[in-house]
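Below is one structure, written out as structure tokens; comments come after it.
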Amino acid sequence: QVQLVESGGGLVQAGGSLRLSCAASGRNFVNYYMAWFRQAPGKEREFVALSRSGSSTSYADSVKGRFTISRDIAKTTVYLQMNSLKPEDTAVYYCAAGYPGALTLPEYYSYWGQGTQVTVSS
């Protein structure tokens, strides 16, 4: 059974930092693209960051320079280090796994976690 389990969300003041983790199990994710998306109330789910099966990464313009996506050596855990957080970063953050070549739209991703809430106070 494939599972993606996020953790690390919480309440933080603007300017603070959080580190999200996503533990993947039930399948060999070494060659999968792993991504983070987020969804704020009343808004569509949006792309945040992507880690390809190699070492390349991509980021949404809104988080570039503040967020960093990384994966452990075994590629079973993906992280999202979030620095200089802003109130507009408040959302439920989702981890997702997709086949190689997946782009930045949610429909490219086959597996999803349950989400973790991030709230940034001003």
Side-chain angles (χ1 to χ4, degrees):
Q1 180 182 358
V2 174
Q3 275 195 312
L4 300 178
V5 180
E6 301 100 334
S7 61
L11 173 64
V12 64
Q13 287 189 332
S17 299
L18 282 175
R19 189 193 195 204
L20 305 183
S21 299
C22 172
S25 62
R27 183 175 290 268
N28 185 347
F29 285 96
V30 170
N31 294 318
Y32 276 68
Y33 284 20
M34 301 295 293
W36 289 93
F37 288 80
R38 66 186 181 187
Q39 189 166 18
K43 295 188 176 182
E44 293 187 352
R45 192 166 297 190
E46 66 173 1
F47 168 76
V48 175
L50 165 64
S51 172
R52 296 178 180 83
S53 50
S55 60
S56 67
T57 57
S58 295
Y59 296 92
D61 288 343
S62 59
V63 307
K64 205 170 291 184
R66 300 188 297 122
F67 290 11
T68 302
I69 188 171
S70 61
R71 296 166 77 165
D72 67 346
I73 293 176
K75 303 287 181 74
T76 58
T77 304
V78 60
Y79 304 96
L80 185 68
Q81 177 67 43
M82 306 186 294
N83 299 327
S84 302
L85 282 161
K86 304 175 181 180
E88 50 264 44
D89 294 319
T90 296
V92 177
Y93 282 71
Y94 296 91
C95 173
Y99 296 110
L103 302 179
T104 60
L105 296 175
E107 48 262 44
Y108 285 97
Y109 293 82
S110 303
Y111 304 105
W112 292 85
Q114 81 289 350
T116 185
Q117 177 70 46
V118 171
T119 303
V120 184
S121 63
S122 58

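Side chains included, hydrogens not; waters and symmetry mates left out as well; all remaining heavy atoms used. Note that this is a predicted model, so its numbers are computed, not measured.
Using a 4.5 Å cut-off between side-chain heavy atoms of Ile, Leu, Val, Met, Phe, Trp and Tyr, with links allowed through other members, Tyr79 and Met82 fall into different hydrophobic clusters. Taken together through direct or relayed side-chain contacts under 4.5 Å among Ile, Leu, Val, Met, Phe, Trp and Tyr, Tyr33 and Tyr93 form parts of separate hydrophobic clusters. With hydrophobic clusters built from ILVMFWY side chains whose heavy atoms lie under 4.5 angstrom apart, Val92 does not share a cluster with Leu20. Val120 and Val63 fall within the same hydrophobic cluster, defined by Ile, Leu, Val, Met, Phe, Trp and Tyr side-chain heavy atoms under 4.5 Å apart, directly or through other members.
The pair Asp89-Lys86 does not meet the salt-bridge criterion, since no charged nitrogen lies less than 4.0 angstrom from a carboxylate oxygen.
For the pair Thr116 (side chain) and Gly9 (backbone), a donor-acceptor distance under 3.5 Å is present.
Val78 has its side chain out of reach of Asp72: every pair of non-hydrogen atoms, C-beta onward, lies at least 4.5 Å apart. Inter-residue side-chain proximity for Tyr59 and Phe47 is flagged as unmet; no heavy-atom pair is nearer than 4.5 Å. Proximity of Val12 to Ser121: side-chain heavy atoms (C-beta onward) are nowhere separated by under 4.5 Å. By the 4.5 Å heavy-atom criterion applied to side chains, Val118 and Thr90 are not counted as neighbours. Looking at Leu105 and Leu103, their side chains never come closer than 4.5 Å, going by heavy atoms from C-beta outward.
Checked against the 6.0 Å centroid criterion, the rings of Trp36 and Phe67 do not qualify as a close aromatic pair.
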For a quick test of your reading: what N or O donor-acceptor pairs under 3.5 Å do the side chains of residues 49-57 make, sequence neighbours left out?
from, atom 1, to, atom 2, distance (Å)
Arg52, NH1, Ser56, OG, 3.4
Arg52, NH1, Ser58, OG, 3.0
Arg52, NH2, Ser58, OG, 2.7

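Summarising the geometry of Ala14 relative to Ser122, their closest heavy-atom pair is CB-CA, 4.4 Å, with the distance given to 0.1 Å. Closest approach of Ala97 to Met34, counting heavy atoms only: CB-SD, 3.5 Å. Heavy-atom minimum distance, Ser17 versus Gln81: CB-NE2, 4.0 Å.
The OG atom of Ser25 sits 7.5 Å away from the CG atom of Leu4 when rounded to the nearest 0.5 Å. Put simply, CD on Gln3 and CD on Gln114 are 9.0 Å apart, with the number rounded to the nearest 0.5 Å.
For residues 94-110, the set of pairs meeting the side-chain hydrogen bond (donor to acceptor under 3.5 Å, both in side chains) definition, not counting sequence neighbours, is empty. Screening residues 39-48 for side-chain hydrogen bond (donor to acceptor under 3.5 Å, both in side chains), with sequence neighbours left out, gives Arg38-Glu46, Gln39-Arg45.
Relative to the ring axis of Tyr111, Arg27 does not place its NZ or CZ within 45° and under 6.0 Å from the centre.
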